[in-house]
Structures are given as C-alpha cells and as structure tokens.
Amino acid sequence: TANTYLMIYIMGVIAFSLRSIAGLATLISFYFTSERYHQWGFMVVCVNKKVSPFTFFNLLFVSGDHLNEDNIDALLVHEQFHRDQLHSVDSLILEVLTIVFWFNPVAWLFRRDIRAEHEYMADQQVIKKGFHMLDYQHLLFKARTGISMQLEEPEKELPDPMGAKSAKVMTYQNQMKALHTYEKVT
C-alpha cells in the first residue's frame, strides 16, 4: 500500500509539474511571438490575444487595446508594484509548494490567499498614488472582462418605487415588537 500511495503522489507531482511547465511555455511563446519594446521601465510584450495586463519579473504582458487607455497610469502603478515587490518570485515559490504538496488543500488555499494579498497590496498602492477608487475599479473591471462600465452618479435622489424607506421603518417596528415581547417573557 505504501508503494501505491507513493505512485499516486509521484503521478500528482508529474501532472502538476506538466501544468506549470505548460504555463511557462505559454509565457515564453508570448515573449517570442509578440512585439516587444522597452517602455515605463519594463520590457513590454504586446500580446496578440486578449489578456489582462500582468508582469513576470520585468516583463509587462499586455494586449494592444490596454495600451490605448486613458488610465494606463493606474495599471502601470499596479504592475510596477508587483515588479518592485518581487511578486514573481513569490509566485514561483508558491508554484513549487503546490507541486510538492498538491494533495494538501492548505497549500492551494495558501497560494490563493497570497495571490489575493499581492493584488490587494498593489491596489492599495494605486489608491495611495491618488487615483480615484471608483474609476480604478471600473478600469480593473474593463481590463478583466473587456466591458466598459460608464456609471454616472445621480444628481438627485431617485424615487423609491419599492418602498425601501418604509421597509426600514417596518423593520424597526418589528424589532421594537420583538424587544417588547422579549421584555414580557423575562
């Protein structure tokens, strides 16, 4: 039985190693088949596919439509933070950990949480640099989905067709009734 477990473990390591190698091969393919130039302190790789901008060490991978955006500065601050904090090194270490401990759900949760923390820190850096939070959220949404959201803030209070205000009053009244019922019981 120990040999069976060892064989399953080795097959898992091989499978996840192949998955990681395929990911690196995709990056290498993007690098050699796409237009490249130096700009903004990066080696910019202009990918012919729709991808959200991302960095791998000093390589900035973007699709051509992201370079034409008005808010490219916010994306650059975000990606520069990833580069400067060496998040690519963290990603490689996490990749090795998940290959070695592929059977352990904690390894996968740890990887997910570290990636989320990296994104949070980079987003905080963008906000610190003075970019408007709502505009930045729209930019991230567009970069991720390709869909532009143009929401305007209402100039005046909109009518309340569902009666949200009266629902709040009703909720308050129900809470008061429950409180009085509780007081009667005790």
- Message: Could you check whether any side-chain N or O of S91 sits under 3.5 Å from a backbone N or O of H87, counting only pairs where one atom can act as donor and the other as acceptor?
- Response: yes
- When you measure from the side chain of W102 to the backbone N and O of W108, does any donor-acceptor pair fall under 3.5 Å? no
Connected via hydrophobic side-chain network under 4.5 Å: [X] and [Y]:
{"X": "F81", "Y": "L86", "answer": "no"}
{"X": "I21", "Y": "I93", "answer": "no"}
{"X": "M121", "Y": "L76", "answer": "no"}
{"X": "V106", "Y": "F103", "answer": "no"}
{"X": "M11", "Y": "Y5", "answer": "no"}

With side chains defined as the heavy atoms from C-beta onward, is the minimum distance between [X] and [Y] less than 4.5 Å?
{"X": "H82", "Y": "F54", "value": "no"}
{"X": "V62", "Y": "L75", "value": "no"}
{"X": "Y120", "Y": "Q124", "value": "yes"}

- Message: Would you say that more than 12 heavy atoms from the other residues, nucleotides or ligands in this model lie under 6.0 Å from the CZ of F101, or not?
- Response: no
- Query: Taking everything shown except F16 itself, do over 12 heavy atoms lie less than 6.0 Å from its CZ?
  - Reply: yes
Rounded at 0.5 Å granularity, tell me how far [atom1] in [X] sits from [atom2] in [Y].
{"X": "K129", "Y": "Q125", "atom1": "NZ", "atom2": "CD", "answer": "5.5 Å"}
{"X": "L109", "Y": "T98", "atom1": "CG", "atom2": "OG1", "answer": "12.0 Å"}
{"X": "N104", "Y": "L97", "atom1": "CG", "atom2": "CG", "answer": "10.5 Å"}
{"X": "Q80", "Y": "F42", "atom1": "CD", "atom2": "CZ", "answer": "5.0 Å"}
{"X": "L59", "Y": "L27", "atom1": "CG", "atom2": "CG", "answer": "8.5 Å"}
{"X": "H138", "Y": "L134", "atom1": "NE2", "atom2": "CG", "answer": "4.0 Å"}

- Please assess W40 against E79 for the test side chain to side chain contact (heavy atoms under 4.5 Å, CB included), listing each intermediate value before the final yes or no. CA-CA 11 Å; W40 308 301; E79 297 305 333; over 6 Å; no
- Contacts of type side chain to side chain contact (heavy atoms under 4.5 Å, CB included), residue F57, not counting sequence neighbours: S88, V89, L92
- Query: How are the rings of F61 and F30 set to each other: parallel, tilted or perpendicular (split at 30° and 60°)?
  - Reply: tilted
Grab the two heavy atoms, one from [X] and one from [Y], that are nearest each other, plus how far apart they are.
{"X": "S63", "Y": "C46", "value": "C-SG, 4.4 Å"}
{"X": "S34", "Y": "V45", "value": "CB-CG1, 3.7 Å"}
{"X": "R83", "Y": "N58", "value": "CD-OD1, 2.9 Å"}

- Task: Take R111 and E95, measure what side chain to side chain contact (heavy atoms under 4.5 Å, CB included) needs, and give me the verdict at the end.
- Result: CA-CA 8 Å; R111 178 174 124 163; E95 196 66 28; 3.1 Å; yes
- Task: Carefully, step by step, assess F32 and I28 under the rule side chain to side chain contact (heavy atoms under 4.5 Å, CB included).
- Result: CA-CA 6 Å; F32 285 112; I28 292 168; 3.6 Å; yes
- Stepwise side chain to side chain contact (heavy atoms under 4.5 Å, CB included) test for I14 and I10: CA-CA 6 Å; I14 291 170; I10 290 171; 3.8 Å; yes
